[in-house]
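Worksheet: one structure, shown below.
Letters A, B, ... are given to chains in the order of the sequence lines, protein chains preceding strands, and every chain is numbered from 1.
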Number of protein chains: 2
Amino acid sequence: MKKTILVFGGISIAILLLLQISKWSMWSFGSSGFHWVFIVGPAFLVLGFVLAKLFRRPSIGAYRPVQLPKNEVNLSSQEFKVLSLMAEGLSNLEIAESLYITESTVKTHVSNVLSKLNARRRTEAVKIGRTLKIIP
Amino acid sequence: MKKTILVFGGISIAILLLLQISKWSMWSFGSSGFHWVFIVGPAFLVLGFVLAKLFRRPSIGAYRPVQLPKNEVNLSSQEFKVLSLMAEGLSNLEIAESLYITESTVKTHVSNVLSKLNARRRTEAVKIGRTLKIIP
DNA sequence: GTCGAATTGGAACTAAAGTACCGATGCCAA
DNA sequence: TTGGCATCGGTACTTTAGTTCCAATTCGAC
């Protein structure tokens, strides 16, 4: 709340300053076409807004709509086990030891699971799996 | 917030300087007044950038820091937000962009969450958080 | 006002996770 | 018998995640 007040206070002061400057400029420049400020200024202001939005990092996943992969996700037996153990918070190594396979194989399975669920991280895979009610 | 004020102050001073410079170099632009574009334009461009940044910030809310009644685990407001976004499957970078903080800060929060929940991985933290009904 | 917790962020790491590509085996249905 | 799939495993690589230590503000409570 204080922040907001300070922000708007700062903006107000800035506007006041700009007005003051414009007055001073009027006086010092005479009739050299100062009205440009009121045309070009807002235009560039808007441009700045737009550019700021554009330059903002695309944030690929933050608001990405979770597109559910085609109704039927066919995880294989092992892939399902791996996903379940991922949801339990196990690391690849721990999953490997649980299933008596090597970590390399687990990585392969994890990659396949991520691909099939259209996820990019194991946490996302777990979330999607829960959404699809594949795992509790 | 001091930063904000400093920014506005800096912009104002910059505009003043630009005006001053333009005053000294007015003769070289001709008398059409068109040169204002090159002075006011960039200034408002920067102002637009700053304003866009400021107006983006406060609208992220929607997360209520839930105070835990018992359960020794007491996550702070930001830590709770980070944990929630972890459960959504976001990466540290995506969480950072969602909360308008840097990835470094997110890492700090994640480390604290893992420590407080006695977890060793974010997936485990999510599972524990769900077990403790901190997150759905 | 002072103090502790919270927030933010940086630097410099180490440790996992994930990708891409490969080969081998076994199984099953067409 | 052959093509496709699942399983297993490997190498080499890039990307995230996570740790540790540090420091500057900020905020609420006392």
- Message: Has A:Glu124 got a side-chain atom pairing as donor or acceptor with A:Arg120's backbone, closer than 3.5 angstrom?
- Response: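 Answer holds: yes.
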- Task: Just call it for A:His109: base, sugar-phosphate, or nothing, with non-hydrogen atoms closer than 4.0 Å on any strand.
- Result: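 Sugar-phosphate contact only - A:His109 comes under 4.0 Å of backbone atoms but never of a base.
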- Looking across every strand, which nucleic acid part, if any, lies under 4.0 Å from B:Thr105 by heavy atom: base, sugar-phosphate, or nothing?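 Base contact - B:Thr105 has a heavy atom under 4.0 Å of at least one base atom.
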- Query: B:His109 and side-chain contact (heavy atoms from CB on, under 4.5 Å): which partner among B:Leu99, B:Ile101, B:Leu75?
  - Reply: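 For B:His109, the side-chain contact (heavy atoms from CB on, under 4.5 Å) check succeeds only for B:Ile101.
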- Task: Examine D:dT7: is either OP1 or OP2 under 4.0 Å from a nitrogen or oxygen in the side chain of A:Ser76? Give yes or no.
- Result: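 For D:dT7, OP1 or OP2 has a side-chain N or O of A:Ser76 closer than 4.0 Å.
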- Message: Taking 4.0 Å as the cut-off, does a side-chain nitrogen or oxygen of B:Gln78 come that near to OP1 or OP2 on C:dA6?
- Response: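 So the side-chain polar atoms of B:Gln78 never come under 4.0 Å of the phosphate oxygens OP1 or OP2 of C:dA6.
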- Grab the two heavy atoms, one from A:Gly129 and one from A:Leu117, that are nearest each other, plus how far apart they are.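 Where A:Gly129 meets A:Leu117 most closely, the heavy atoms are N-CD1, 4.4 Å.
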- Task: Compare every heavy atom of A:Leu90 with every heavy atom of A:Ser98, then report the nearest pair and how far apart it is.
- Result: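 It is OG-CD1, 4.0 Å.
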Between [N] atom [atom2] and [X] atom [atom1], what is the distance in whole Å?
X	N	atom1	atom2	answer
B:Ile95	C:dT8	CD1	P	13 Å
A:Glu124	D:dT16	CD	C1'	14 Å
A:Ile101	C:dA24	CD1	C1'	16 Å
A:Leu75	D:dC5	CG	P	15 Å

- Message: Using the salt bridge (Lys or Arg N to Asp or Glu O under 4.0 Å) definition, which of the options A:Arg121, A:Lys127, A:Arg130 pairs with B:Glu88?
- Response: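 Filter result, single survivor: A:Lys127.
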- Query: Among side-chain atoms of A:Thr105 and A:Thr108, is any donor-acceptor pair under 3.5 angstrom?
  - Reply: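 No, because no side-chain N or O of A:Thr105 sits under 3.5 Å from a partner of the opposite role on A:Thr108.
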- Of all the choices, C:dA6, D:dC8, C:dG9, which nucleotide is nearest to the side chain of B:Thr102 once you look at every atom?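 Minimum distance to the B:Thr102 side chain belongs to C:dG9.
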Tabulate protein N/O versus nucleotide N/O from nucleotides 13-22 of chain C, keeping only pairs under 3.5 Å, one per line.
unit_1: C:dA17; atom_1: OP2; unit_2: A:Asn92; atom_2: N; d: 3.0
unit_1: C:dG18; atom_1: OP1; unit_2: A:Arg122; atom_2: N; d: 2.7
unit_1: C:dG18; atom_1: OP2; unit_2: A:Arg122; atom_2: NE; d: 2.8
unit_1: C:dG18; atom_1: OP2; unit_2: A:Arg122; atom_2: NH2; d: 3.4
unit_1: C:dG18; atom_1: N7; unit_2: A:Lys107; atom_2: NZ; d: 3.3
unit_1: C:dG18; atom_1: O6; unit_2: A:Lys107; atom_2: NZ; d: 2.9
unit_1: C:dT19; atom_1: OP2; unit_2: A:Ser111; atom_2: OG; d: 2.9

